2 protein chains.
Amino acid sequence: MKLITREVDYAVRALAAVARAGRGLSAAGLAAPAGVPRPVLRKIMQALSRAGITRSSRGRGGGFVLARPAGRISLGDIISAVRGPLKFNDCVFGGALCHNHRTCLLRGRVAAIEKKVMEEVRRVTLADLG
Amino acid sequence: MKLITREVDYAVRALAAVARAGRGLSAAGLAAPAGVPRPVLRKIMQALSRAGITRSSRGRGGGFVLARPAGRISLGDIISAVRGPLKFNDCVFGGALCHNHRTCLLRGRVAAIEKKVMEEVRRVTLADLG
DNA sequence: ACTAAATGATACCAATCTGGTATCATTTAA
DNA sequence: TTAAATGATACCAGATTGGTATCATTTAGT
Ligand code: FES
Ligand code: FES
């Protein structure tokens, strides 16, 4: 099971590059040095912008900048942006249908673990990953 | 991302049933009440036996029993048995090739989180999930 | 005004992973 | 001898993920 998929990894590196640069960087400019296919990086950057992690400017000379300081962008933010929220536990019956949902011991335990992971992952910021 | 896949869920429930029963239970006997397709449960039970969590007896009247007390079978054991080891971090370059591997900050952080999860998951035992 | 460089939005394709099915061989109790 | 069980594999279908392709829109420079 992967927590850090390829796309998350790309996203972290791209954001680190933006943080270092200070100025805005285009998707093309980010993709080349990282060895990532341009279209893939564009999709990632679009997701990050939609999530409010970066701000984009369009048109010639445009690109991406961080929407807030690197110390306030967490790994959790990045994961959520490119992969959606964590769902460690996937109750076999679909949530609404499940009778045990309240009392299910496994679910409770796993939810607690998931919460801890979420905390850990939100504690690591982009500034730590430079 | 799922930590508890459907198969892990099935495995936990089947093992809980075996624990409650005390005597050996066949895959067929386990599958029916849980509403799991028999062949799927068989595959799972085979994996658990290969991992040494259950002991199987073949032939007529055979089935599965726990190989050790429920309190000493952890959720981590079960996950490892049916899904293989956790690999939160999937370095984009293949480990051996990667130059940064030693110093990569992301990898280090994620490895630490993975370790914590592993600890948590090994702390929960089958006895807790009855 | 025009063009080139950039993002936004989508739709699509291929590879991998997961859940589920099917078979055949082997063991064992009745 | 037969029926009930596991062991081992191979296979198939759906979901997820990584990657590609297009077209529309915005903007700076000429
Ligand atoms: S079975 Fe539905 S939550 Fe555990
Ligand atoms: S890039 Fe290889 S370990 Fe981080």
Side-chain angles (χ1 to χ4, degrees), chain A residues 1-11 13-14 18 23-32 34-65 67 79 81-87 90-94, chain B residues 1-11 13-14 18 23-32 34-65 67 79 81-87 90-94:
Chain A
M1 188 209 47
K2 290 178 214 152
L3 179 62
I4 307 301
T5 60
R6 200 169 268 231
E7 289 196 342
V8 173
D9 190 308
Y10 289 165
R13 290 198 242 168
V18 172
R23 65 201 174 81
L25 289 179
S26 71
L30 286 164
V36 179
R38 247 172 309 169
V40 173
L41 202 80
R42 281 193 53 203
K43 223 175 15 174
I44 292 171
M45 295 313 291
Q46 287 185 6
L48 293 173
S49 287
R50 267 195 299 271
I53 292 173
T54 48
R55 270 196 312 255
S56 63
S57 47
R58 303 171 66 167
R60 181 170 190 155
F64 301 88
V65 293
I79 294 176
V82 308
R83 307 213 42 206
L86 294 188
K87 274 184 217 146
D90 173 40
C91 170
V92 175
F93 323 107
Chain B
M1 186 210 47
K2 290 178 214 154
L3 179 62
I4 307 301
T5 61
R6 200 170 267 230
E7 289 196 341
V8 174
D9 190 306
Y10 289 165
R13 290 199 241 167
V18 171
R23 65 202 174 79
L25 289 179
S26 72
L30 286 165
V36 179
R38 249 171 308 171
V40 174
L41 202 79
R42 281 192 55 204
K43 222 174 18 172
I44 292 170
M45 295 313 291
Q46 287 184 5
L48 293 173
S49 287
R50 267 196 299 272
I53 292 173
T54 48
R55 271 196 312 256
S56 63
S57 47
R58 302 171 65 165
R60 182 169 189 151
F64 301 88
V65 293
I79 294 176
V82 308
R83 308 214 39 205
L86 294 188
K87 274 182 216 145
D90 172 40
C91 172
V92 175
F93 324 108

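Sequence lines set the chain letters: A, B, ... in the order given, protein chains first and strands last, and positions in each chain run from 1. Small disclaimer: the values here were computed from a predicted structure and weren't measured.
- Note that CZ of B:Arg38 is 9.5 Å distant from OG of B:Ser26, once rounded to the nearest 0.5 Å.
- Position along DNA chain D of the nearest nucleotide to A:Pro37 versus B:Leu25 favours B:Leu25 as the more 5'-ward residue.
- In this structure, A:Leu48 atom CG and C:dG8 atom P are separated by 11 Å, rounded to whole Å.
- Atoms NZ (A:Lys87) and P (D:dA15) sit 14 Å apart, rounded to a whole Å.
- For B:Arg42 and C:dC24, the CZ to C1' distance is 11 Å, given to the nearest whole Å.
- Within the 3.5 Å criterion, the main-chain N or O of A:Val65 finds no donor-acceptor partner in the side chain of A:Thr54.
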Set out, line by line, the N/O atom pairs under 3.5 Å between protein and nucleotides 15-18 of chain C.
from: C:dT18; atom 1: OP1; to: B:Arg83; atom 2: NH2; distance (Å): 2.7

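- Taking each heavy atom of B:Leu41 and B:Ala31 in turn, the nearest pair found is CD2-N, 3.5 Å.
- Using a 4.0 Å heavy-atom distance criterion, B:Ala27 is classed as a sugar-phosphate-only contact.
- In this structure, B:Leu3 CG and B:Ile79 CD1 are separated by 4.5 Å, a value rounded to the nearest 0.5 Å.
- Atom P of nucleotide D:dA4 and atom CZ of B:Phe64 are separated by 17 Å, given to the nearest angstrom.
- With values rounded to the nearest 0.5 angstrom, B:Met45 atom CE is found 8.5 Å from B:Leu25 atom CG.
- Side-chain nitrogen and oxygen atoms of A:Tyr10 include at least one within less than 4.0 Å of the OP1 or OP2 phosphate oxygen of D:dG19.
- Under 4.0 angstrom from either OP1 or OP2 of D:dA8 there lies at least one side-chain N or O belonging to B:Arg50.
- To the nearest 0.5 Å, atom CD1 of residue A:Ile53 and atom CZ of residue A:Arg50 are 11.5 Å apart.
- Looking at the side chain of B:Val40, the nearest of the listed nucleotides C:dG8, C:dT21, D:dT6 is C:dT21.
- Atom CZ in B:Phe64 sits 14.5 Å away from atom CZ in B:Arg23 (nearest 0.5 Å).
- The shortest side-chain heavy-atom distance between B:Val40 and B:Tyr10 falls under the 4.5 Å cut-off.
- Map B:Pro39 and A:Lys43 each onto its nearest nucleotide of DNA chain C; the residue landing nearer the 5' end is A:Lys43.
- Comparing C:dT21, C:dT10, C:dT23 by their closest approach to the side chain of A:Gln46 singles out C:dT10.
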Pairs: protein N or O with nucleotides 27-30 of chain D N or O, under 3.5 Å:
from: D:dT27; atom 1: O2; to: A:Arg60; atom 2: N; distance (Å): 3.1

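- Whole-Å rounding puts the B:Arg38 CZ to C:dT23 P distance at 14 Å.
- Under the salt bridge (charged side-chain N to carboxylate O under 4.0 Å, His left out) criterion, B:Arg13 pairs with B:Asp9, not counting sequence neighbours.
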